[in-house]
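Heads up: the structure comes next, in structure tokens.
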Amino acid sequence: MLRLPLNDAVVGALFWSTVTIALYVVAKRLYQRWPRWWLMPLAVAPVALIAAALALHTSYHDYIRGTHWIVSLLGPATVAFAVPIYEQRALIRRQWWVLAAGMLAGSITSMITAWALATTLGLNGALRLSLLPRSMSTPFAMAVSDEIGGVPELTAVFVIATGVLGAIMGEIMLARFPIRSALAKGALLGVGAHGAGTAKAHEIGREEGSVAGLVMVLVGLFNVLLAPLLAMGLRLV
Amino acid sequence: MTLRSIRLRVQRLVHRSLVLQVGLVFAFWFAGQKAVDLAGLPVPGGVIGMLVVLVLLASRRISVFSMRRGAQWFIADMVLFFVPACLALLDHRELIGLLGLKILVVVLGGTAAVMGVTGLTVDLCYRWRSHHAAAPAE
């Protein structure tokens, strides 16, 4: 009986890792069979997992303790972006200023709309500041949030929400908007929905995917470098 | 066996093996993480690893075929790596209700605006450029 807690952690890790991967694989198959936006693995798998965790009375703490290794694979996945970016170097070199214009416009829009919408809805203080950097990938966003006076942990939740919802929205928007070039499709997904958007872009095509991966990393770097300036500006508001 | 022939053998082995390529991606990530920890940079280790790999690829110190399959392996199922993080919602029950609804509006509205502006800016610049690049030929 005394060894049960340790046992629990190991069994829990094995159980939840297996369930997470299995649900993802099932969701992926479903989506391949019926490609509707509401059947996207990024929508179906988390909803099914939350339902499972609630049914089995598992807390987030207990769940993530055993499955954190899956999230940390985002690190090597970022390294892997180097290959598609290198393979599309000719396109990127030719169109770098077009991409720069899109990244700048997107970053500014992101901050302004988050600030304006939050203010309109009566969300103030640290909560509003935590919402500002939500379009970047998590480590960048948390660094910026900390710098400008937000709550990094809360920002991390908003970043995930933005990625998941953004990847779904991006797919719907691309189907309805008159955006044709691979360059614009990739930039839209990479700037708007960071890694999740980049994963979506790779599903669409290699050019789209490499552009999304590149702009995601550049937007993150750009914002981290700009954060002290932004913090100064916010103190004046 | 000369040094050169050993190098060629290793290279051929890496080009053929998915496991070795995945290991290579991991190694660069690990090195990037260590560099970030040592220097205290506000940048994820993966980004440093990515920049290093890009420089090595561009300077032809490593061949793209040594990493291509390994990289594809990671990218193909990247969505899976986001799934566990979504369960953070379990810890933020306060977000279920009016407050969560407001935040949802900010996230959805803001993201739609960012995507619309970015996509249209890039698409318009791209069309304007290809139009002007084509003009002198006419």
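Each chain gets a letter, A, B and so on, in the order its sequence line appears, and its residues count up from 1.
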Point to revise | Heavy-atom contact with chain A under 4.5 Å, split by part of B:Trp73 | key: neither
Practice item. Would you give the length of the straight line joining atom OG1 of A:Thr58 to atom CG of B:Leu87, rounded to the nearest 0.5 angstrom? Key: 9.5 Å
Review point. To the nearest 0.5 Å, what is the distance between CG (B:Leu89) and CG (A:Leu49)?
Key: 12.5 Å
Review point. Highest number of heavy-atom pairs under 4.5 Å with chain A: which of B:Ala71, B:Gly70, B:Ala58, B:Gly49?
Key: B:Ala71
**Study point:** Most contacts with chain B, counted as non-hydrogen pairs under 4.5 angstrom, among A:Val215, A:Ile64, A:Val71
**Key:** A:Val71
Study note, to complete from the structure: Value for CG (B:Asp77) from OH (A:Tyr24), rounded to nearest 0.5 Å, stands at 3.5 Å
Review point. Non-hydrogen atoms of chain A under 4.5 Å away: do they reach the side chain of B:Ala27, the backbone, both or neither?
Key: neither
Review point. Which one of A:Thr113, A:Thr20, A:Leu74, A:Leu131 has the most heavy-atom pairs closer than 4.5 Å to chain B?
Key: A:Leu74
Exercise for review: Enter the distance from A:Arg94:CZ to B:Ser130:OG here, rounded to the nearest 0.5 Å.
Suggested key: 10.0 Å
Check your understanding: Can you say whether A:Tyr63 sits under 4.5 Å from chain B via the side chain, the backbone, both, or neither, judging by heavy atoms?
Key -> side chain
Check your understanding: What option among A:Gly102, A:Ser135, A:Ala193, A:Gly190 has the most heavy-atom pairs under 4.5 Å with chain B?
Key -> A:Gly102
Exercise for review: Give, as side chain, backbone, both or neither, the part of A:Val191 having an atom under 4.5 angstrom from any heavy atom of chain B.
Suggested key: both
Check your understanding: Taking side chain as C-beta onward, heavy atoms only, is B:Phe26 less than 4.5 Å from A:Leu73?
Key -> yes
Practice item. Would you please classify the geometry between the B:Phe82 ring and the A:His194 ring as parallel, tilted or perpendicular, with 30° and 60° separating the classes? Key: tilted
Practice item. Would you check if B:Asp123 and A:Phe177 make a side-chain contact, meaning some heavy-atom pair closer than 4.5 Å? Key: no
Review point. Going by heavy atoms in the side chains, are B:Val117 and A:Ile108 under 4.5 Å from each other?
Key: no
Practice item. Among the options B:Pro84, B:Gly119, B:Cys86, pick out the one with the most heavy-atom pairs lying under 4.5 Å from chain A. Key: B:Pro84
Study note, to complete from the structure: Residue from A:Ser59, A:Gly213, A:Ala100, A:Gly195 scoring the most non-hydrogen pairs under 4.5 Å with chain B is A:Gly195
Check your understanding: Tell me, side chain or backbone of B:Leu24 under 4.5 Å from chain A's heavy atoms, or both, or neither?
Key -> neither
**Study point:** Point-to-point distance, once rounded to the nearest 0.5 Å, from OG1 of A:Thr109 to CE of B:Met115
**Key:** 12.5 Å
**Study point:** Contacting region of A:Arg128 [heavy-atom separation from chain B under 4.5 Å]
**Key:** neither
Review point. Is the closest side-chain heavy-atom distance between A:Ile21 and B:Val83 below 4.5 Å?
Key: no
Review point. Given the options A:Pro46, A:Ala105, A:Ala143, A:Ser181, which has more heavy-atom pairs under 4.5 Å with chain B than any of the others?
Key: A:Ser181
Point to revise | Per-residue contact mode, B:Leu56 against chain A (heavy atom under 4.5 angstrom) | key: neither
Check your understanding: Based on non-hydrogen pairs under 4.5 Å, which of B:Ile48, B:Thr121, B:Thr111 is most in contact with chain A?
Key -> B:Thr111
Check your understanding: Which is it for A:Leu154 and B:His92 under the side-chain contact (heavy atoms from CB on, under 4.5 Å) test, yes or no, and what are the steps along the way?
Key -> CA-CA 9 Å; A:Leu154 219 50; B:His92 291 275; 3.7 Å; yes
Review point. Out of B:Leu124, B:Val114, B:Val105, B:Leu108, which one racks up the most heavy-atom pairs below 4.5 Å with chain A?
Key: B:Val114
Point to revise | Reference residue B:Val106; test side-chain contact (heavy atoms from CB on, under 4.5 Å); the match among A:Leu117, A:Leu127, A:Thr162 | key: A:Leu117
Check your understanding: Which residue out of B:Gln72, B:Arg68, B:Gln33 racks up the most heavy-atom pairs below 4.5 Å with chain A?
Key -> B:Arg68
Review point. Between B:Val25, B:Val64, B:Leu90, B:Ile75, which shows the greatest number of heavy-atom pairs under 4.5 Å with chain A?
Key: B:Ile75
**Study point:** Option that, when pairs with chain B are counted at under 4.5 Å, heavy atom only, ranks first among A:Trp97, A:Phe81, A:Trp69, A:Trp16
**Key:** A:Trp97
Exercise for review: Measure the CG-SG distance between A:Leu183 and B:Cys125 for me, rounded to the nearest 0.5 Å.
Suggested key: 9.5 Å
Check your understanding: Does some side-chain heavy atom of A:Glu203 sit less than 4.5 Å from a side-chain heavy atom of B:Val79?
Key -> yes
Study note, to complete from the structure: Turns out that what part of A:Ile70 lies under 4.5 Å from chain B's heavy atoms comes down to both
